[in-house]
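Step one of this worksheet: look at the structure below.
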Amino acid sequence: MAIVKALCLSLLAATSTLAVPSPPRRGRLSPVVRNGSKLLVDGKEWKAVGPNIYWLGLDENVTPPAGEPFDPSTKASYPTKERVTEAMAVVNALGGTMIRTHTLGVSTGNPLSIWPEQGVVNEEAFDIIDWAVYQAGLYGVRLLVPLVDNYDYYHGGKYNFLRWAGFNLTQAKDSNNPEIQQFYTNTAIVSVFKDYIKTLVTHRNQYNNLTYAEDPTIFAYETGNELLGPVWGDMNCPADWVQDIAAYVKGLAPGKLFFDGTYGINKTHLNIQEVDVYSDHFYPTDNGKLQAGIKAVEDAGKVYFAGEYDWVGRSGGDSLESFFQILENSPAVGGDTFWSFFGRNGPDCDTFVNHSDGFTLQYGNPNNTAYTNSRIQLIRKHFIAMSQGKNIDPKEPLPSVPCPAPSPQKYRKVQ
Ligand SMILES: *[C@@H]1O[C@H](CO)[C@@H](O)[C@H](O)[C@H]1NC(C)=O
Ligand SMILES: *[C@@H]1O[C@H](CO)[C@@H](O)[C@H](O)[C@H]1NC(C)=O
Ligand SMILES: *[C@@H]1O[C@H](CO)[C@@H](O)[C@H](O)[C@H]1NC(C)=O
Ligand SMILES: *[C@@H]1O[C@H](CO)[C@@H](O)[C@H](O)[C@H]1NC(C)=O
Ligand SMILES: *[C@@H]1O[C@H](CO)[C@@H](O)[C@H](O)[C@H]1NC(C)=O
Ligand SMILES: *[C@@H]1O[C@H](CO)[C@@H](O)[C@H](O)[C@H]1NC(C)=O
């Protein structure tokens, strides 16, 4: 998500399209592979469609009960396991196949982060991240995980690495300072960033005993979220850095796909061999920018992904229907993720969590207006068209998701 924002399949057959989401599955998911401009699972075309759910590993929107981990200065707290499991059930109900999720990868500089300080590992931070990866796997929902953020938010990003290296920089005062490029160009910082990536990717999940590198639930890593240089929109995330990080991640985790997290389609990056997917974000939806981006990526024989877009329409732009039609009709489009999903405040099933950016999608909230529900129905129709090639009635009622959502092996860790 951008500063200006102040500025997410069940593999078990559903008995009916209106049934509640299928119960969790067992066994590992098949890996996602790329062939030219297509993503494949078990030799069949696969589309990555779902919500952005940035808060799965660390949230900023709920004050937890007294005694639970909480960082008052950033309002950061770990989401409950019920909230995380419900998110997976909602992805199934929406016909989605995956989630793009910042805080399963970007977790630095906050007392509740994986790395509160450089090289210091906070094992407690992994509990909910492990749970999210484990539950996603059980629900057949794959994960796309950015590794760093362009901004200075509660969950961390490039400014943590800059400050640890002695550069006294913040987003608030330095987003246009050329020194921020040191994040990409300073060999000491790049080395520390790789150490962080190693801590993350080699971590062994307490719930399924797989390292994140081994677990096919995480189908892809992304360099980062909306990576830019000192000028807004400059796409100045150096190509050699993208290649270096992509090669490093593929070395640690050979089964994963890799996304270039540069904000926008930088044509000088399209020949990076290690990169599979190029993406762009849309505030507002912009069909011209979408079509130009798809064409450039298709011409390079790679996959295009619309990583974020304003599903509400509050920033204006082209109609969501027309934006979805382009995505559905372009063979090089690997998928898209709307910004952004929030659910019930589980275990409290009566309250929904809200976020202040105005793009909050609350699935199944009885207070949603008819307009809001029609937009959610449109998203579900689009996801089903992308993931199943089916054309459903846009007025088809949204399947209900039970609260709590089913989660059989609740809280049981590998011994
Ligand atoms: C990959 O794509 C090429 C060209 O589109 C096709 O001939 C080939 O059969 C595909 N391979 C797989 C494994 O799908
Ligand atoms: C960092 O910069 C701010 C103002 O830009 C200044 O107030 C602060 O003292 C600096 N901190 C250090 C450690 O240099
Ligand atoms: C977890 O996996 C490791 C590495 O493969 C293995 O040594 C260990 O025995 C496994 N633990 C359990 C409880 O299965
Ligand atoms: C694209 O990437 C190149 C090389 O990484 C960089 O020099 C350039 O500033 C970026 N932006 C544009 C608009 O090409
Ligand atoms: C719906 O709105 C009412 C009135 O504002 C509020 O009291 C209630 O908590 C809301 N319900 C949900 C599920 O958000
Ligand atoms: C959710 O947050 C948005 C943006 O701050 C606000 O406009 C909206 O009224 C909030 N909704 C509820 C139910 O509080």
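Quick caveat, the model's predicted, so the values are computed rather than measured. Order of listing sets the numbers, starting from 1, for every ligand and every atom in it.
Set against the non-hydrogen atoms of His355, the atoms of ligand 6 under 4.0 Å away are 2 (O).
Nearest protein heavy-atom neighbour of atom 3 (C) of ligand 6: Asn354 ND2, 3.7 Å. Of all protein heavy atoms, the one closest to atom 4 (C) of ligand 2 is Lys173 CE, 3.9 Å.
Counted by atom type alone, Arg375 and Asn368 present zero donor-acceptor pairs between their side chains at under 3.5 Å. Asp152 and Thr170 share no donor-acceptor pair across their side chains, judged by distance under 3.5 Å alone. Side-chain N/O atoms of Asn205 and Trp131 include no donor and acceptor closer than 3.5 Å. Asp130 and Gln206 share a donor-acceptor pair across their side chains, judged by distance under 3.5 Å alone.
In this structure, atom 14 (O) of ligand 2 is in close contact with the protein, since a protein heavy atom lies within 4.0 Å of it. Remark: atom 9 (O) of ligand 2 lies closer than 4.0 Å to no protein heavy atom.
When the heavy-atom distances from atom 11 (N) of ligand 2 to Thr170, Asp174, Asn168, Leu169 are ranked, the shortest goes to Asn168. The heavy atom nearest to atom 6 (C) of ligand 3, considering only Asn209, Asn208, Leu210, is found in Asn209.
Taking the charged nitrogens against the carboxylate oxygens, Lys302 and Asp276 have no contact shorter than 4.0 Å, which rules out a salt bridge.
Not a single N or O atom of Asp357, backbone or side chain, sits closer than 3.5 Å to an N or O atom of ligand 6.
The side-chain tip of Arg100 does not point at the ring of Trp339 from less than 6.0 angstrom away and within 45° of straight on.
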